[in-house]
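Report on the following structure.
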There are 2 protein chains.
Amino acid sequence: MAKKNPSSHMTNIDNISNIGNINTITKTQTQRRMTIADVAQLADVGTMTVSRALNHPEMVSDALRQRILEAVETLGYIPNRVAGGLASGSGNAICVIVPTLNHPVYVPFLEGLYDILPAAGYQILLGTSEYLLEGEEHLVETFLGWQPIGMILAGVDHSPRTRAMLAQANVPVVEIMDLTAQPIDINVGFSHEAVGQAVGQFLLERGYQQIAYVGNRLERDTRGMRRLNGFSAALEGAAACKLVVLNRDLSSSIQAGGVLLGELLETYPQTEVAFFVNDDLAAGALFECQRRGIRVPHDFAIVGFNDQEIAAQVNPSLTSVSTQRLQMGQRAAELLLARLRGETLLANPIDTGFQIVERQSTCQQRSRDQKPKPRRAKNLNTVNPNTVLKEQQTHET
Amino acid sequence: MAKKNPSSHMTNIDNISNIGNINTITKTQTQRRMTIADVAQLADVGTMTVSRALNHPEMVSDALRQRILEAVETLGYIPNRVAGGLASGSGNAICVIVPTLNHPVYVPFLEGLYDILPAAGYQILLGTSEYLLEGEEHLVETFLGWQPIGMILAGVDHSPRTRAMLAQANVPVVEIMDLTAQPIDINVGFSHEAVGQAVGQFLLERGYQQIAYVGNRLERDTRGMRRLNGFSAALEGAAACKLVVLNRDLSSSIQAGGVLLGELLETYPQTEVAFFVNDDLAAGALFECQRRGIRVPHDFAIVGFNDQEIAAQVNPSLTSVSTQRLQMGQRAAELLLARLRGETLLANPIDTGFQIVERQSTCQQRSRDQKPKPRRAKNLNTVNPNTVLKEQQTHET
DNA sequence: TAACTTTATGATAGCGCTATCATTCTTAAG
DNA sequence: CTTAAGAATGATAGCGCTATCATAAAGTTA
């Protein structure tokens with residue numbers, strides 16, 4: 001086959017752009033933005049009446065409200081919330097800090113927030129700390145300048161200055177995705193130690209002994225670290241059991257999973273099962289196994305974390321730990337709103353729990369010498385991946 | 001094996017929370033937030049000097065600046081940007097509207113923005129339109145109330161009212177992810193028609209005739225629709241060629257890909273290749289093929305869109321169309337900043353182009369009766385997935 | 001030394017809005 | 001018919017900051 005020209009494409013922009021001389025800086029008329037005074041004048045009322053008509057309609061007579069709304073329409077007036085916030089002494093910004101957007105885990109959580117907070121009239125300011133405490137500190141400082149009425153932080157580890165600023169700002173704070181005995185204020189999450197413990201227990205019960213924990217940038221990933229602690233604690237009891245930890249500095253992703261698997265098998269070829277810090281890594285490891293002809297779970301078993309969609313969909317499907325991410329976001333938002341309304345929070349550190357979802361990438365009973373046939377993966381997609389019991393039944397064939 | 005108790009875990013919250021009577025509403029001292037006046041008083045200067053010391057340090061003598069910074073430190077003063085923005089007449093918010101966070105495509109794009117804009121001192125307000133023009137309209141209205149100095153919108157389709165509001169607000173606008181002949185202002189993206197065209201051409205060249213386009217919520221997905229238009233146009237020329245379109249209302253995801261594949265094969269069993277609206281769907285279809293024992297690409301070929309990481313990592317790897325998402329975000333941010341600085345933009349509709357990345361899920365030359373052996377997928381992960389030519393060489397064996 | 005810059009600082013007046021209180025106009029009660 | 005109570009509206013004074021101009025202090029030139 002002849003070498004093809006590289007399939008790179010650019011539309012002919014000339015054809016598209018030579019429509020007119022748009023796009024130079026021809027924003028001519030610097031028309032003043034409409035203010036509440038303009039509306040008041042047009043409707044022949046005072047500014048306060050306009051303000052009321054928009055914010056407390058019930059306080060204004062029908063006739064005037066009608067006239068005012070017409071004026072608003074005519075002028076295309078949009079209230080300046082910055083000024084409004086300043087005048088009323090309380091803005092409506094809620095600041096949210098997550099480690100990264102790059103990891104699909106934070107997305108459902110954010111969705112939970114975006115479902116609720118904007119609908120309640122609040123504006124979300126989002127920032128990413130890149131897993132750095134200093135990043136978080138800097139964001140908190142910046143965000144506080146926006147006079148937020150609430151803050152939502154992923155994680156319970158914060159620099160002292162972060163804590164100091166939050167304390168002084170006197171703003172409701174929700175810490176999320178993790179559980180701590182000393183929350184700053186509100187705390188919604190689950191215990192990562194407990195996850196590690198449970199998975200360790202789970203693997204022991206299934207007869208695994210040569211066990212690996214595979215992470216990525218664990219120095220920064222305090223939650224991954226905490227799972228490791230629980231994991232390691234669970235395995236400590238078992239005498240025959242050996243735990244190795246592999247940790248590298250790759251940008252966490254599917255491909256990294258493949259790379260890490262390669263390293264793991266080179267360094268510790270006797271490893272029977274690996275618990276990965278997330279499902280992307282686990283999936284990457286699985287794909288690499290497929291390429292190398294390693295049978296999963298027979299030759300090598302895989303456990304992921306987060307129960308992302310990919311875990312349920314690959315073949316063999318991945319055993320993982322499901323967490324209530326959307327729910328965490330929603331609960332965080334609800335609790336914050338409740339606090340803003342001045343309500344007393346009954347239970348505070350809220351444990352949203354987790355579930356080990358057992359799928360095909362781990363054996364139900366590891367038998368050291370026997371060679372069980374790989375399981376058929378047929379019709380898995382008709383099984384609702386959200387129901388643990390069903391999925392477990394699948395394995396009971 | 002005995003039925004295990006469902007592996008659901010909750011940490012004992014009582015153990016954790018009964019540390020003290022934190023967490024009732026015990027935010028006692030409603031200490032007034034520090035203002036610039038407090039700093040001025042402590043440093044024994046005027047408020048303007050404080051303002052200058054913080055915003056234009058070079059205008060203040062060393063001695064005073066020193067004293068002021070100390071006072072700031074002592075009081076833990078954080079400037080109120082809301083008030084500052086109001087006073088100076090120009091805020092520093094930049095509003096960004098994307099269809100969803102749920103789709104990994106928008107994440108690298110947002111990263112591009114978050115790389116550049118906050119570093120330049122701007123605050124990003126992010127909103128999701130959920131693929132609805134009314135959603136976008138509502139967000140634009142809300143956002144304009146924050147007196148943004150710039151807006152970045154995904155897509156070039158907007159409701160008339162959205163356009164009107166943007167026009168009246170007189171704010172620089174960047175439309176992104178798509179290309180149009182009539183941009184509102186700045187436009188960075190690529191042509192989805194051209195993508196469809198190119199993929200159609202690509203498949204024809206490889207000898208495919210029974211071709212499907214598989215989408216999800218195409219009514220809303222104007223860009224997917226536009227790719228379909230280009231695709232269909234490209235196939236129109238070929239006489240023997242038949243195009244079927246499958247479109248459902250599922251929440252786009254890997255699982256949906258499997259479902260859609262099932263439907264496609266039931267309804268049009270003779271289909272040879274399907275072009276999916278995104279890689280998640282394509283991957284889901286691939287996994288379903290694996291479960292059904294359908295050989296890809298021999299029995300059925302798959303083309304995805306977006307060149308997400310999963311496309312390169314699954315086995316067989318997926319042919320897809322790569323787009324410059326991170327770059328689009330960065331360019332958008334840069335162009336917006338340039339415009340804010342008052343610079344003239346040379347080229348305006350900027351076409352960031354695209355590339356068809358040929359991988360293992362499509363045959364290089366479809367031979368209707370011959371049965372080529374499935375290709376080995378070995379060592380694919382040593383190939384840099386960002387380099388098209390290398391990947392194509394892989395196929396030239 | 002007078003006249004003129006230059007540099008550093010402060011006083012003042014808003015930015016666009018809303019909280020508050022005063023005023024007017026109704027309506028009900030005595 | 002008077003008075004009290006309520007409902008609707010407006011005038012005013014800030015919210016915390018910065019633009020602007022005025023002022024004071026210091027340096028420069030002839």
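In the text below, chain A, chain B and the rest are named by the order of the sequence lines, each starting its count at 1.
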Between [atom2] on [N] and [atom1] on [X], what's the gap in Å once rounded to a whole number?
X: Met34(B); N: dC15(D); atom1: CE; atom2: P; answer: 15 Å
X: Leu144(B); N: dG16(C); atom1: CG; atom2: C1'; answer: 16 Å
X: Asp44(B); N: dA8(C); atom1: CG; atom2: P; answer: 19 Å
X: Met59(A); N: dT18(C); atom1: CE; atom2: P; answer: 12 Å
X: Leu54(B); N: dC17(D); atom1: CG; atom2: C1'; answer: 11 Å
X: Gln147(A); N: dC17(C); atom1: CD; atom2: P; answer: 19 Å
X: Gln66(B); N: dT9(C); atom1: CD; atom2: P; answer: 13 Å
X: Leu75(A); N: dG16(C); atom1: CG; atom2: C1'; answer: 15 Å

In chain order, what residues pass the salt bridge (Lys or Arg N to Asp or Glu O under 4.0 Å) check against Asp157(A), with sequence neighbours excluded?
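Arg226(A).
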Listed by chain and number, what are the salt bridge (Lys or Arg N to Asp or Glu O under 4.0 Å) partners of Asp44(A), not counting sequence neighbours?
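For Asp44(A), no residue satisfies salt bridge (Lys or Arg N to Asp or Glu O under 4.0 Å) once neighbours in sequence are set aside.
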With a non-hydrogen cut-off below 4.0 angstrom, is Val82(A) in contact with a base, only sugar-phosphate, or nothing?
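No contact.
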Any base atoms under 4.0 Å from Gly89(A), or only sugar-phosphate, or nothing? Heavy atoms, all strands.
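No contact.
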For Arg65(A), give me all partners under side-chain hydrogen bond (donor to acceptor under 3.5 Å, both in side chains), at least two apart in sequence or on another chain.
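Arg65(A) satisfies side-chain hydrogen bond (donor to acceptor under 3.5 Å, both in side chains) with Asp62(A) once adjacent residues are dropped.
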Would you work out how much the helix from dT1(C)-dA30(D) to dG30(C)-dC1(D) bends between its ends, with each end axis defined by five base pairs, to 10 degrees?
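Computed from the C1' atoms at both ends, the axes differ by 40°.
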If the cut-off is 4.0 Å, is Ser61(A) near the phosphate of dT9(D), judged by side-chain N/O to OP1 or OP2?
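Result: yes.
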Between Asn80(B) and dC15(D), does any side-chain N or O lie under 4.0 Å from OP1 or OP2?
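Asn80(B) to dC15(D) OP1/OP2: no side-chain N or O under 4.0 Å.
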Glu130(A) and Thr128(A) side chains, donor-acceptor separation under 3.5 Å:
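A pair is found: one side chain offers a donor N or O, the other an acceptor, under 3.5 Å apart.
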Check every atom of dG16(D), dC17(C), dT9(C) against the side chain of Leu86(A) and return the nucleotide holding the closest atom.
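Of the options given, the side chain of Leu86(A) lies nearest dG16(D).
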Closest approach to the side chain of Tyr77(B), judged atom by atom: which nucleotide of dT18(C), dC17(D), dA8(D) is it?
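Nearest listed nucleotide: dC17(D).
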Among residues two or more places apart or on two chains, list those pairs meeting side-chain hydrogen bond (donor to acceptor under 3.5 Å, both in side chains) that have a residue in residues 66-78 of chain B.
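Those involving residues 66-78 of chain B do not exist here.
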Quick test of your reading: applying side-chain hydrogen bond (donor to acceptor under 3.5 Å, both in side chains), list the pairs with at least one residue in residues 144-153 of chain A, sequence neighbours left out, ordered by first then second residue.
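Sorted pair list: Gln147(A)-Arg33(B).
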N/O contacts under 3.5 Å, protein versus nucleotides 5-7 of chain C?
none

Less than 3.5 Å apart, which donor and acceptor atoms pair up between the side chains of residues 48-55 of chain B and the rest of the protein, not counting sequence neighbours?
{"from": "Asn55(B)", "atom 1": "ND2", "to": "Ser51(B)", "atom 2": "O", "distance (Å)": "3.2"}

Distance from Ile186(B) atom CD1 to Arg331(B) atom CZ, nearest 0.5 Å?
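Answer rounded to 0.5 Å: 11.0 Å.
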Dump the intermediate steps for side-chain contact (heavy atoms from CB on, under 4.5 Å) on Val105(B) and Phe109(B), then the final yes or no.
CA-CA 7 Å; Val105(B) 167; Phe109(B) 161 67; over 6 Å; no
Restricting both atoms to N or O, compile the protein contacts to nucleotides 19-21 of chain C shorter than 3.5 Å, with distance only.
{"from": "dT20(C)", "atom 1": "O4", "to": "Arg52(A)", "atom 2": "NH2", "distance (Å)": "3.4"}

According to side chain to side chain contact (heavy atoms under 4.5 Å, CB included), who are the partners of Glu137(A), at least two apart in sequence or on a separate chain?
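Only Ser159(A), Arg161(A), Thr162(A), Met165(A) meet the side chain to side chain contact (heavy atoms under 4.5 Å, CB included) criterion with Glu137(A).
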What pairs with Ala120(A) under side chain to side chain contact (heavy atoms under 4.5 Å, CB included), at least two apart in sequence or on another chain?
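Once residues adjacent in sequence are excluded, the partners of Ala120(A) under the side chain to side chain contact (heavy atoms under 4.5 Å, CB included) criterion are Tyr122(A), Leu337(A).
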Pairs under 3.5 angstrom only: tabulate donor-acceptor contacts from the side chains of residues 91-99 of chain A to other protein residues two or more places apart or in another chain.
{"from": "Asn92(A)", "atom 1": "ND2", "to": "Gly121(A)", "atom 2": "O", "distance (Å)": "3.3"}

